[in-house]
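Notes to accompany the following structure.
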Amino acid sequence: MRIAMFNPSESERAIVKGIAAKQGIEVKLVDDILTPESVVEAKDCDGISILQTVMLDQEEVYRTLHDYGIKSIGLRSVGTNTIDFDLAKKYDLIITHVPVYSPRAIAEMAVTQAMYLVRKIGLFHEHMDKDYDFSYPTALISDEIYNKTIGLIGVGNIGSAVAQIFSALGAKVIAYDVIYNPANEPFLTYADFDTVIKEADVISLHTPLLPSTKNMISTKQFEEMKNTAYLINVARGGLIDTDALIKALQEEQIAGAGLDTLADEATYFGKKVRVQDIPEDYKILRAMPNVIITPHSAYFTETAVKNMVKISLEDTVRIAEGKKPLFAANK
């Protein structure tokens, strides 16, 4: 059996050979993301696995895969927002994803960014680098995390892991989710959305990007947050209205932000780009000492990468063999 893996990272390339050998399959590595031009690489393959942030909305891709006899598109990610499910249904393609590959990887990035901001490390760097001033001004004194209220929007696998870590550090954790999970009770207190926004010292987003959640954090929410609050987003960039975020930071409506994802990241995250192609909103945010940006790398641990590849390939093989997939997103 032969599977085409599109857009493999250097780390995926290093592990895929061993995983393929254990599964008894051949994996064809394709440098490009899946596009109308690159889909030809899937010819003579039994399935495909992809990882990309660019929207896959060209009908030609789905039609060509169907014509090749391919029955599925295997995502090496949790999110499925890059897929046009109407086209997938039209061409009888099952979409699989990896709903859980390492919640701790994402959770630890959220906690890391929060701690960086709470301890004002970026502001200390500016103080040191700009004026070679290594003193301790009162403006840079910070609090300890056990005195903080952590507010989580979304407590699925990742949000629950975040709650457990912050709870273990002694912080008070409040959370909003449309689904109540009693297993979270030892680590958090459920609250409504507005309460989390208004009362939390650190607000961390862990919800999928849907029409109902797009720009869920915008002008109104920034006005309701404490001006000492920090906003963390290791989920999806589109959850935050970027213009409103920049304005809130410039006008000191909030104290800072940790961002592993941005609304327009698909044009530059995950690749090397020219300086002139860097979006203006990134430049503005990156220049702020109370903002930390990472290039959608929260997932990037050895455990997570291994599981993303392994689980995606396993489901792709199952479908090619006529078996029911374990993690279908549309069937």
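Basis for what follows: all heavy atoms, side chains included, without hydrogens, waters or symmetry-related copies.
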- Message: Quick one about Thr267 and Asp264 (side-chain donor to acceptor, distance below 3.5 Å, no hydrogens or angles considered), yes or no?
- Response: no
So the side-chain hydrogen bond (donor to acceptor under 3.5 Å, both in side chains) pairs with at least one residue in residues 252-261 (sequence neighbours excluded) are Asp260-Thr294, Thr261-Glu265
- Applying side chain to side chain donor-acceptor pair (under 3.5 Å), run through Thr303 and Thr301 and close with a yes or a no. CA-CA 5 Å; Thr303 298; Thr301 67; 4.9 Å; no
Residues joined to Phe187 in its hydrophobic cluster, side chain to side chain under 4.5 Å directly or through other members, sorted by chain and number, are none
Residues passing the side chain to side chain donor-acceptor pair (under 3.5 Å) test with Glu185, sequence neighbours excluded, are Tyr180
Please determine whether the number of non-hydrogen atoms from other residues, nucleotides or ligands lying under 6.0 Å from atom CZ of Arg13 exceeds 12.
yes
Apart from Tyr146 itself, members of its ILVMFWY cluster (side-chain separation under 4.5 Å) are none
Contacts of Lys271 meeting salt bridge (Lys or Arg N to Asp or Glu O under 4.0 Å) (sequence neighbours excluded), chain-then-number -> none
Side chains of residues 120-130: which donor-acceptor partners sit under 3.5 Å, not counting sequence neighbours?
from: Lys120; atom 1: NZ; to: Ala139; atom 2: O; distance (Å): 3.2
from: Lys120; atom 1: NZ; to: Ile141; atom 2: O; distance (Å): 3.1
from: His127; atom 1: NE2; to: Asp133; atom 2: OD2; distance (Å): 3.3

*asked:* Looking at Glu10, I want to see if its CD is surrounded by more than 12 non-hydrogen atoms of other residues, nucleotides or ligands under 6.0 Å.
replied: no
Here the side-chain hydrogen bond (donor to acceptor under 3.5 Å, both in side chains) pairs for residues 35-44, sequence neighbours left out, are Lys28-Glu41, Thr35-Glu37, Thr35-Ser38
Residues 94-110 vs salt bridge (charged side-chain N to carboxylate O under 4.0 Å, His left out), sequence neighbours excluded, gives Arg104-Glu108
Hits for ring pair (Phe, Tyr, Trp, His ring centres under 6.0 Å) against Phe327, two or more places apart or cross-chain, chain-then-number order -> none
For residues 160-176, the side-chain hydrogen bond (donor to acceptor under 3.5 Å, both in side chains) pairs (sequence neighbours left out) are Ser160-Asn184
Practice task
In sequence, state the C-alpha distance, the side-chain angles, and the governing distance for Ile106 and Tyr299, and then conclude on side chain to side chain contact (heavy atoms under 4.5 Å, CB included).
Solution key: CA-CA 5 Å; Ile106 316 299; Tyr299 80 95; 3.8 Å; yes
Point to revise | Glu314 with Arg318: basic N within carboxylate O range, under 4.0 Å | key: no
> So Ile15 and Lys310, side chain to side chain contact (heavy atoms under 4.5 Å, CB included) or not? Walk me through it.
Replying inline: CA-CA 9 Å; Ile15 64 173; Lys310 180 176 180 292; over 6 Å; no
Residues 207-219 vs side-chain hydrogen bond (donor to acceptor under 3.5 Å, both in side chains), sequence neighbours excluded, gives Ser218-Asp241
Residue set satisfying side chain to side chain donor-acceptor pair (under 3.5 Å) with Arg76, at least two apart, ordered chain then number -> Glu12, Ser49
